[in-house]
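Here's the structure, in structure tokens; my notes come after.
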2 protein chains.
Amino acid sequence: MHTTSCDRKHDVYDASCPCRQVLDLLANKWSALALGALEDGPRRFGALRDRLDGVSPKVLTATLRRLEDQGLIDRTVFPSVPLHVEYSLTALGKDACAPLAALRAWVVDNIERFPTAAVSAGDGR
Amino acid sequence: MHTTSCDRKHDVYDASCPCRQVLDLLANKWSALALGALEDGPRRFGALRDRLDGVSPKVLTATLRRLEDQGLIDRTVFPSVPLHVEYSLTALGKDACAPLAALRAWVVDNIERFPTAAVSAGDGR
DNA sequence: CGATCGTAGTACCCAAAGGGAACTAAGAGC
DNA sequence: GCTCTTAGTTCCCTTTGGGTACTACGATCG
């Protein structure tokens with residue numbers, strides 16, 4: 001387990017620790033969904049916009065740029081005719097998918113226990 | 001284990017699914033930190049404010065209320081002299097802690113791989 | 001030759017959330 | 001009656017989120 005030379009300052013509870021920024025990036029609805037959407041392989045901008053139901057192009061762009069800046073995804077431009085941009089997970093992004101997938105799965109698995117979902121829980125429609 | 005009658009509509013990728021709202025609640029910096037801070041047992045407002053370095057009382061209140069509304073935490077008021085309010089995890093909240101703890105742990109464990117942390121990685125200061 | 005299409009965004013504008021500092025309430029103790 | 005503590009609330013400003021419309025580009029259609 002890649003024991004780094006110094007672990008003392010790595011604490012998500014410390015506002016000045018870089019961990020906090022990374023947590024803020026990953027603990028985000030759109031980030032969690034976008035990374036999950038790339039788990040099956042590279043996807044194009046339009047495909048991501050469709051998959052991430054309800055996301056606006058502006059927010060999707062911002063989310064993808066942030067993930068790219070932090071090295072979680074790669075952005076590949078194919079200068080073909082109607083322009084083609086593919087987003088794919090980096091090794092780091094793939095690794096980050098594990099805890100995020102667990103979180104998404106937990107939500108789906110336990111949704112019936114939430115008051116928000118209670119209405120639809122008995123809804124056989 | 002809680003096999004519900006119908007799982008088909010539960011999808012975090014569907015904007016209209018209650019899952020999305022729950023994901024939005026949990027996939028949030030302050031929620032993830034607040035629930036984690038309560039893992040060791042009940043804590044008071046002030047203790048949480050201290051632990052969640054950088055949080056403003058307003059945002060902490062809003063976060064706690066949201067978590068309370070969704071049944072993840074309990075708020076107990078002790079009408080003692082300088083007023084005493086204790087926040088604690090519900091069974092649901094305890095369960096939600098597992099994936100969130102995994103996410104926090106992953107961040108701390110992999111922080112050196114992020115460009116954001118690269119500066120401080122070799123920084124012995 | 002101009003109009004239209006598809007893709008991946010950007011620009012503009014508004015609403016909501018985040019965030020800080022100061023203030024409130026209520027009673028104990030000085 | 002002043003101060004201390006605790007748990008917020010209120011005000012205001014900045015940041016972020018979000019929707020809609022628009023752009024650029026060449027290909028293809030009419």
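All values below were derived from every heavy atom in this structure, side-chain atoms included, with hydrogens, water molecules and symmetry-related copies excluded. Residue numbering restarts at 1 for every chain, and letters A, B, ... go by the order of the sequence lines.
Formation of a donor-acceptor pair under 3.5 Å by the T90(B) side chain with backbone atoms of D74(B) is not found in this model.
Axis angle across the helix from dC1(C)-dG30(D) to dC30(C)-dG1(D), with five pairs used at each end and values rounded to 10°: 30°.
When side chains are defined from C-beta on, H10(A) counts as touching E112(B), because their heavy atoms get closer than 4.5 Å. You'll find the side chain of V85(A) stays beyond 4.5 Å of the side chain of T76(A), heavy atoms only. Inter-residue side-chain proximity for F114(B) and V107(B) is flagged as unmet; no heavy-atom pair is nearer than 4.5 Å. Counting only heavy atoms from C-beta outward, the side chains of L23(B) and V108(A) never approach each other to under 4.5 Å. By the 4.5 Å heavy-atom criterion applied to side chains, R51(A) and R43(A) are counted as neighbours.
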Identify all side-chain donor-acceptor contacts of residues 14-22 of chain A below 3.5 Å with residues at least two apart in sequence or on another chain.
from: D14(A); atom 1: OD1; to: S16(A); atom 2: N; distance (Å): 3.0
from: D14(A); atom 1: OD1; to: S16(A); atom 2: OG; distance (Å): 2.9
from: D14(A); atom 1: OD2; to: S16(A); atom 2: OG; distance (Å): 3.3
from: R20(A); atom 1: NE; to: V12(A); atom 2: O; distance (Å): 2.7
from: R20(A); atom 1: NH1; to: D53(B); atom 2: O; distance (Å): 3.1
from: R20(A); atom 1: NH2; to: V12(A); atom 2: O; distance (Å): 3.4
from: R20(A); atom 1: NH2; to: Y13(A); atom 2: O; distance (Å): 3.1
from: R20(A); atom 1: NH2; to: D53(B); atom 2: O; distance (Å): 2.9

Would you list the atom pairs, donor with acceptor, under 3.5 Å between side chains in residues 55-68 of chain B and any protein atom, with sequence neighbours excluded?
from: S56(B); atom 1: OG; to: V59(B); atom 2: N; distance (Å): 3.4
from: T61(B); atom 1: OG1; to: P57(B); atom 2: O; distance (Å): 2.8
from: T63(B); atom 1: OG1; to: V59(B); atom 2: O; distance (Å): 2.8

Can I get a per-line list of side-chain donor-acceptor pairs under 3.5 Å for residues 95-105 of chain A, giving both atom names and the distance, sequence neighbours left out?
from: D95(A); atom 1: OD2; to: R113(B); atom 2: NH1; distance (Å): 2.8
from: D95(A); atom 1: OD2; to: R113(B); atom 2: NH2; distance (Å): 3.0
from: R104(A); atom 1: NH1; to: A32(A); atom 2: O; distance (Å): 3.0
from: R104(A); atom 1: NH2; to: E39(A); atom 2: OE1; distance (Å): 3.2

message: I'd like to compare against my own output: the B/S/- annotation of nucleotides 13-23 of chain D with a strict under-4.0 Å heavy-atom distance to protein.
response: ----BBBB---
Please list, pair by pair, any protein nitrogen or oxygen found under 3.5 Å from a nitrogen or oxygen in nucleotides 25-30 of chain D.
none

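Residue-level contact check: F78(A) touches neither bases nor backbone, having no heavy atom under 4.0 Å from any strand.
Here the C1' atom of nucleotide dA8(C) and the CZ atom of R49(A) are 8 Å apart, to the nearest Å.
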